[in-house]
Engineer: 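What follows is a structure written as structure tokens; I'll ask about it next.
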Amino acid sequence: MDAGVYGAPVTTRSLQLSVSLLSTLALCLSACGDDSGASASGDAGSSADSSEASTDGASSVGSASDGAGTTEAPPAWVPAAGISITSVELNQGTGQDIARGGDWVEPAGRTSFVVQERDAVVRVHFTVPDDWSPREVEARLHLSYLDGRDETLTQALLVEASSEPASLDSTFTFTLRAEDGQAVPGAKFQVELYEPTGAGQGEPAVWRTPDDGPNWVGFEADPAQLKIMIVPIHYKGDGSDIVAEVTDEDLARIEDAFFETNPVQEVLLELHSPLVFAESLGGDIFSGLSPLLTAVAQLRAAERPADNVYYHALLDQGCQFTGCTEGGGLLGQAINIPGPSMGEANLRVASSMYYKPDGEITGLSLETMVHEHGHTQGLMHVFCPSGGSFGNDPSFPDPEGKIGAWGLGLRSRQLHEPGVEFDYMSYCRPAWLGPWTWNKTYERARTLTSWDLGATEPGARYPVLVGAYHEGGGSEWWTMDMALDDGAGGAGERVEFLIDGAWVSRPAVVRELSERDGYWILSPLPGPASAIERIRHVGGAGAREVDVGGVKLLHRADDFAGE
């Protein structure tokens with residue numbers, strides 16, 4: 001991304017979640033006037049069987065001896081009085097309400113996809129009246145599943161005031177854990193608030209939701225993964241000899257950064273052997289990472305991994321910006337915005353500056369990786385007032401680039417405020433993501449993941465001539481197997497091939513790189529490379545001859561695209 005920093009609630013679009021209407025399961029709920037004693041409480045997300053109750057020290061309301069040998073019965077639990085549930089929020093990275101007041105939020109009212117087999121934090125927000133007397137309240141999150149399981153998670157909380165969205169400790173907070181089978185399609189939920197008999201005064205308000213019975217959490221049925229090949233660069237340009245060192249600890253931090261900001265079940269990282277890169281990368285924005293992207297794209301084309309594998313290069317020059325110029329170089333760059341087709345696999349390439357002062361990756365390097373990877377997932381830049389980004393997506397819902405919903409890092413447990421933080425595809429900071437980016441990346445992740453399941457047959461590939469023009473000067477040409485979705489070309493650009501003494505013209509697709517450092521043209525070969533005598537690129541800059549002998553042949557396909 002560009003030099004400097006890149007990175008009002010968003011008006012989020014409604015999203016129709018796919019919820020299978022399967023047979024309704026009976027759910028055993030705790031009843032008003034339950035006299036079985038307090039259910040287990042303590043850490044959020046603790047589980048208790050409804051027939052066996054226990055307490056922790058903070059919520060002990062069990063039997064007590066009066067000194068005369070008699071034992072008092074434990075008090076009955078009743079619906080909590082006065083306190084009122086305002087919403088139940090589910091957050092896997094970006095938050096949304098799954099219940100408001102006593103009502104379940106239907107699919108049309110949801111803002112984000114809910115990813116199966118991914119932990120989900122459930123927060124119960126509430127208000128209390130002005131004359132509220134501080135006391136302990138127990139929240140019970142009842143869960144039921146299509147396989148017949150019923151489960152209740154409980155948490156006791158000393159309630160002194162209304163909950164605050166900026167504090168996890170002020171809400172009842174539970175975690176649905178994927179490893180415990182709690183984040184699965186078909187799961188239903190209901191929340192109830194209880195207190196011991198006589199603890200409060202007044203009538204119960206909204207003490208249960210959904211009030212008309214358990215309803216769907218909304219987990220999607222489709223798997224979603226990220227597969228990323230991490231390519232450390234052995235940089236030998238400008239007299240340097242620096243290898244980007246990626247340790248197991250570094251990989252864990254990188255995996256955390258990608259996992260927290262992507263709606264997937266898992267991030268699968270593979271570490272490539274270092275790629276030697278000896279070209280000079282200058283110290284200003286006009287001679288940035290384009291040559292490096294070319295080298296990594298050619299590496300991907302030569303190695304032919306699965307179509308859903310992203311390649312991400314890490315470059316260490318001993319500084320944060322390219323060329324070691326503060327504010328004058330790049331933080332990272334990607335090859336434009338590839339589409340969701342198999343045929344554009346070789347464009348799923350990005351690069352990031354990898355700076356490790358004192359042996360630890362900077363937060364800015366991690367943020368850059370997330371941002372540049374976002375481009376390879378189909379995301380354009382997002383405008384923010386002080387960012388200065390170009391190529392911004394006009395459909396982003398918030399005019400200032402704010403995330404629009406409470407964000408939450410599942411592993412860091414850090415909250416991200418909707419009116420303060422910016423989308424990570426902007427140039428402003430602090431950066432996170434909201435429902436808009438979450439939904440776009442989920443659609444892309446589940447599409448690419450479906451290819452592993454045979455959901456889509458590989459389409460026809462054909463050899464494509466690629467020319468990379470670097471802003472700092474020069475160009476490189478090679479071939480690779482592709483299928484161009486936008487084969488209409490761009491603004492009259494074309495490539496002409498001389499075969500058997502006759503010129504054959506093909507349209508050229510123009511792809512500007514993500515951070516305006518150069519551009520690529522792509523044009524299908526009209527026949528075998530061995531038959532091509534001359535090549536020239538014709539466009540706005542006139543006709544430019546291409547050195548046929550300098551074209552690297554990295555394609556395998558024998559079929560050629562027609563007219």
Side-chain angles (χ1 to χ4, degrees), residues 9 29-35 37-46 48 53 55-61 74-91 95-105 109 121-143 152-176 189-215 405-406 408 413 415 417-419:
L29 302 177
S30 302
C32 179
D34 176 13
D35 60 1
S39 60
S41 60
D43 291 341
S46 61
T55 61
D56 64 10
S59 59
S60 178
V61 290
W77 287 81
V78 296
I83 188 170
S84 185
I85 298 171
T86 56
S87 65
V88 178
E89 171 199 333
L90 183 140
N91 203 317
Q96 66 174 322
D97 291 344
I98 58 174
R100 296 191 190 101
D103 299 323
W104 176 66
V105 176
V121 173
V122 175
R123 302 182 69 192
V124 182
H125 300 268
F126 56 84
T127 58
V128 296
D130 293 339
D131 60 352
W132 173 263
S133 175
R135 57 186 181 271
E136 189 172 82
V137 176
E138 180 177 278
R140 302 178 185 178
L141 173 59
H142 303 290
L143 301 167
T152 297
L153 309 182
T154 66
Q155 184 191 17
L157 184 67
L158 178 60
V159 176
E160 299 180 289
S162 299
S163 63
E164 295 288 342
S167 171
L168 286 173
D169 294 334
S170 79
T171 58
F172 295 101
T173 304
F174 301 91
T175 299
L176 305 185
F189 78 100
Q190 188 177 46
V191 174
E192 296 176 325
L193 302 182
Y194 284 94
E195 61 186 359
T197 299
Q201 297 179 348
E203 295 297 322
V206 182
W207 67 278
R208 175 171 60 194
T209 188
D211 189 56
D212 57 357
N215 221 319
W406 280 95
L408 174 65
R413 296 307 244 205
L415 284 166
E417 190 168 348

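Computed from a predicted structure; not experimentally measured.
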Engineer: Would you please test F172 and L141 for side-chain contact (heavy atoms from CB on, under 4.5 Å) and show each step?
Structural biologist: CA-CA 10 Å; F172 295 101; L141 173 59; over 6 Å; no

Engineer: Pick one: which of V88, L415, L90 meets side-chain contact (heavy atoms from CB on, under 4.5 Å) with R123?
Structural biologist: L415

Engineer: Under a 3.5 Å distance rule, please check whether T86 uses its side chain to pair with a backbone N or O of H125 as donor and acceptor.
Structural biologist: yes

Engineer: Can you tell me how far the CG atom of L157 sits from the OG1 atom of T173, to the nearest 0.5 Å?
Structural biologist: 8.0 Å

Engineer: Would you tabulate the side-chain donor-acceptor contacts of residues 159-167 under 3.5 Å, counting partners in other chains and residues two or more places apart, or write 'none'?
Structural biologist:
| residue | atom | partner | partner atom | Å |
| --- | --- | --- | --- | --- |
| S162 | OG | V128 | N | 3.0 |
| S163 | OG | F126 | N | 2.9 |
| S163 | OG | F126 | O | 3.1 |
| S167 | OG | D169 | N | 3.3 |
| S167 | OG | S170 | N | 3.3 |

Engineer: Once side-chain contact (heavy atoms from CB on, under 4.5 Å) is applied, do any residues pair with V206, and if so which ones, sequence neighbours excluded?
Structural biologist: S84, I85

Engineer: Evaluate side-chain contact (heavy atoms from CB on, under 4.5 Å) for F189 paired with I98, printing each intermediate quantity in order.
Structural biologist: CA-CA 9 Å; F189 78 100; I98 58 174; 3.8 Å; yes

Engineer: List the steps, then state whether side-chain contact (heavy atoms from CB on, under 4.5 Å) holds for L408 with L168.
Structural biologist: CA-CA 10 Å; L408 174 65; L168 286 173; 4.2 Å; yes

Engineer: Between I83 and A205, which heavy-atom pair has the shortest distance, and what is it?
Structural biologist: O-CB, 3.6 Å

Engineer: Contact between L176 and L143 at the side-chain level, heavy atoms closer than 4.5 Å - yes or no?
Structural biologist: yes

Engineer: Working to the nearest 0.5 Å, report the span between CD of E138 and CD of E192.
Structural biologist: 10.5 Å

Engineer: If we ignore hydrogens and angles and just use 3.5 Å, is the side chain of T152 paired with the main-chain N or O of H142 as donor and acceptor?
Structural biologist: no

Engineer: For E195 versus E136, what's the shortest heavy-atom pair and its separation?
Structural biologist: CB-O, 4.1 Å

Engineer: How long is the straight-line distance from CH2 of W406 back to CD of E417, given to the nearest 0.5 Å?
Structural biologist: 4.0 Å

Engineer: As an exercise, state the distance from OG1 of T175 to CD of Q155, rounded to the nearest 0.5 Å.
Structural biologist: 9.5 Å

Engineer: Nearest heavy-atom pair of N215 and P210: which atoms, and what distance?
Structural biologist: CB-CG, 4.2 Å

Engineer: Which residues pass the side-chain contact (heavy atoms from CB on, under 4.5 Å) test with D97, sequence neighbours left out?
Structural biologist: S87, E89, R100, V105

